[in-house]
Amino acid sequence: MTTNLGDALPPEIVVVTGMSGAGRSTAARALEDLDWFVVDNLPPGLLPTMIDLAGRTHGAVSRVAAVVDVRSMAFTQDLLSTVEELRTRGIGARVVFLEAGDDALVRRFEGVRRPHPLQGDGRLTDGITRERELLRAIRGEADLVIDTSQLNVHQLKAKMVGFFGEAKEARLRANVVSFGFKYGLPVDADLVIDCRFLPNPHWVPELRPMTGKDDPVRDYVLAQRGAKELLDSYTDVLRLLISGYLREGKHYMTLAVGCTGGKHRSVAMAEQFSARLRDEGLDVNAIHRDLGRE
């Protein structure tokens, strides 16, 4: 099948996929609210046909979101090969993968009292394990991975709006996430920076109740030996990654910055990295995952 779009620009295409229970429907509704044309449960092999049909609308359908799940037979092979086929035609298909931890998925399925689509006669966790294995390859190739374990529907919709709310020139968008190692690593991070080698403001009585967003804590962290070197060195690394990501057509990056509790050092340094990435021309969203958990 050959896509013939004439002189019109090809429509944008986003494939929304991921773990059952991780929020595909919520993500799709968010895109629909943003005037994307959303097709639910589309077999991967029909994606080129969908693009053909959208192209014939002469711009009336300029952005298409296809929700694809594991129930489609030969899912992983079909979806990967179809996305690659679209890209070889010059159609910038992007893949959004929604992820969540096993505990979160179990709670959600038990909350709605529905079986997992792949559990069969086994346990709920058997279905989750089987699906995770089937989706391993497509997760690895995804342009954007969103961990919804600790997100409610409103927070997930806000993330989708942040990434897809405005049509912008082709450039990288970055999430900079501060976190506490004691609460676990963000599973959707592309790069993790460890700030635990810096002295902890927690042990300074007047700084303990503050956070890394407060000026005294920020100034304390940045004055420590190694803080500026960390910022400068990782900024050089990020410049290298940014240029490489753009060459490969990657549109999203998640940078995670961690300390012990996610309150002081990681927050201050995440704000600094966010400012530097903005200076590099990126659209940046700073998220302080564990702020307020103490």
Side-chain angles (χ1 to χ4, degrees), residues 14-34 36 38-44 65-73 75-76 79 94-165 175 177-190 252 254 256 262 285 287-293:
V14 167
V15 177
V16 179
T17 187
M19 297 295 294
S20 299
R24 289 191 310 260
S25 297
T26 298
R29 285 194 295 271
L31 290 171
E32 198 165 36
D33 290 343
L34 294 169
W36 286 69
V38 177
V39 184
D40 196 9
N41 198 22
L42 185 73
V67 183
V68 181
D69 68 35
V70 76
R71 288 171 294 183
S72 175
M73 298 300 293
F75 170 88
T76 303
L79 184 52
R94 292 173 283 171
V95 178
V96 177
F97 190 98
L98 298 177
E99 173 69 275
D102 288 1
D103 290 346
L105 294 175
V106 168
R107 286 196 304 271
R108 291 169 187 174
F109 274 104
E110 289 181 343
V112 296
R113 298 183 180 181
R114 293 177 56 193
H116 189 280
L118 296 183
Q119 81 178 70
D121 295 329
R123 300 177 302 167
L124 176 58
T125 53
D126 296 332
I128 293 173
T129 299
R130 184 182 177 196
E131 182 177 38
R132 200 176 294 284
E133 183 61 32
L134 287 172
L135 297 182
R136 187 180 305 278
I138 192 64
R139 186 192 188 283
E141 295 293 330
D143 298 278
L144 173 64
V145 178
I146 301 177
D147 179 18
T148 70
S149 301
Q150 300 181 43
L151 301 180
N152 59 37
V153 293
H154 305 293
Q155 292 168 327
L156 175 55
K157 290 181 73 172
K159 275 204 168 191
M160 295 298 293
V161 169
F163 282 119
F164 299 103
N175 267 346
V177 183
S178 71
F179 72 97
F181 277 93
K182 70 180 182 180
Y183 300 116
L185 287 167
V187 300
D188 50 356
D190 295 300
Y252 315 102
T254 297
N285 182 30
I287 302 167
H288 302 300
R289 191 192 74 177
D290 298 323
L291 202 59
R293 291 190 66 168

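Keep in mind the model is a prediction, meaning the values are calculated, not measured. Hydrogens, waters and symmetry mates play no part in the numbers below; they use all other heavy atoms, side chains included.
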query = Checking side-chain contact (heavy atoms from CB on, under 4.5 Å) for the pair Phe163/Asn285: CA distance, chi angles, key distance, verdict?
reply = CA-CA 9 Å; Phe163 282 119; Asn285 182 30; over 6 Å; no

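Listed by chain and residue number, Phe109 satisfy the ring pair (Phe, Tyr, Trp, His ring centres under 6.0 Å) test with His116 (two or more places apart in sequence, or in another chain). In terms of the side chain to side chain donor-acceptor pair (under 3.5 Å) criterion, residue partners of Arg108 (sequence neighbours excluded) are, by chain and number, Thr148.
Separation of atoms CD1 (Ile146) and CG (Leu156) is listed at 6.0 Å; rounding is to 0.5 Å. Separation of atoms CG (Leu134) and CE (Met19) is listed at 9.5 Å; rounding is to 0.5 Å.
A donor-acceptor pair shorter than 3.5 Å can be found between the side chains of Arg94 and Tyr252.
Atom CD of Gln155 has more than 12 neighbouring heavy atoms from other residues, nucleotides or ligands inside a 6.0 Å radius. Crowding of Arg139 atom CZ: a count of heavy atoms from other residues, nucleotides or ligands under 6.0 Å exceeding 12.
Put simply, the side chain of Ser149 gets close to the backbone of Gly101: a donor and an acceptor are under 3.5 Å apart. Side chain of Glu131 to main chain of Ser20: a donor-acceptor pair is present (N/O by atom type, distance under 3.5 Å, no hydrogens or angles).
Glu32 and Arg29 are not joined by a salt bridge, as no carboxylate oxygen comes within less than 4.0 angstrom of a charged side-chain nitrogen. Salt-bridge check for Lys182 with Asp290: failed, with every basic side-chain N at 4.0 Å or more from each acidic carboxylate O.
Figure legend: cation-pi geometry between Arg293 and Tyr183, with NZ or CZ positioned under 6.0 Å from the six-membered ring centre and within 45° of its axis.
Contact between Ala22 and Leu105 at its shortest, heavy atoms only, is N-CD2, 3.9 Å. Considering all non-hydrogen atoms of both residues, Leu31 and Ala65 come closest at CD1-CB, 3.6 Å. In this structure, Pro186 and Arg289 approach most closely via the heavy-atom pair N-NH1, 3.6 Å. Taking both residues in full, the closest heavy atoms of Val145 and Asp188 are given as O-CB, 3.1 Å, listed atom of the first, atom of the second, then distance. Residue Leu151 comes nearest to Asp147 through the heavy atom pair CD1-O, 3.6 Å, listed as atom of the first residue, atom of the second, then distance. Shown here for Arg24 and Gly18, the closest heavy-atom pair between the two residues is NH1-O, 2.9 Å.
Between Thr125 and Asp102, every side-chain heavy-atom pair lies at or beyond the 4.5 Å cut-off. Within the 4.5 Å cutoff, side-chain heavy atoms of Leu135 are placed close to those of Ile138.
Only one option out of Val95, Val96, Leu98 pairs with Thr17 in a side-chain contact (heavy atoms from CB on, under 4.5 Å); it is Val95. Screening Val16, Asp33, Val14, Val67 for a side-chain contact (heavy atoms from CB on, under 4.5 Å) involving Val38 leaves a single residue, Val67.
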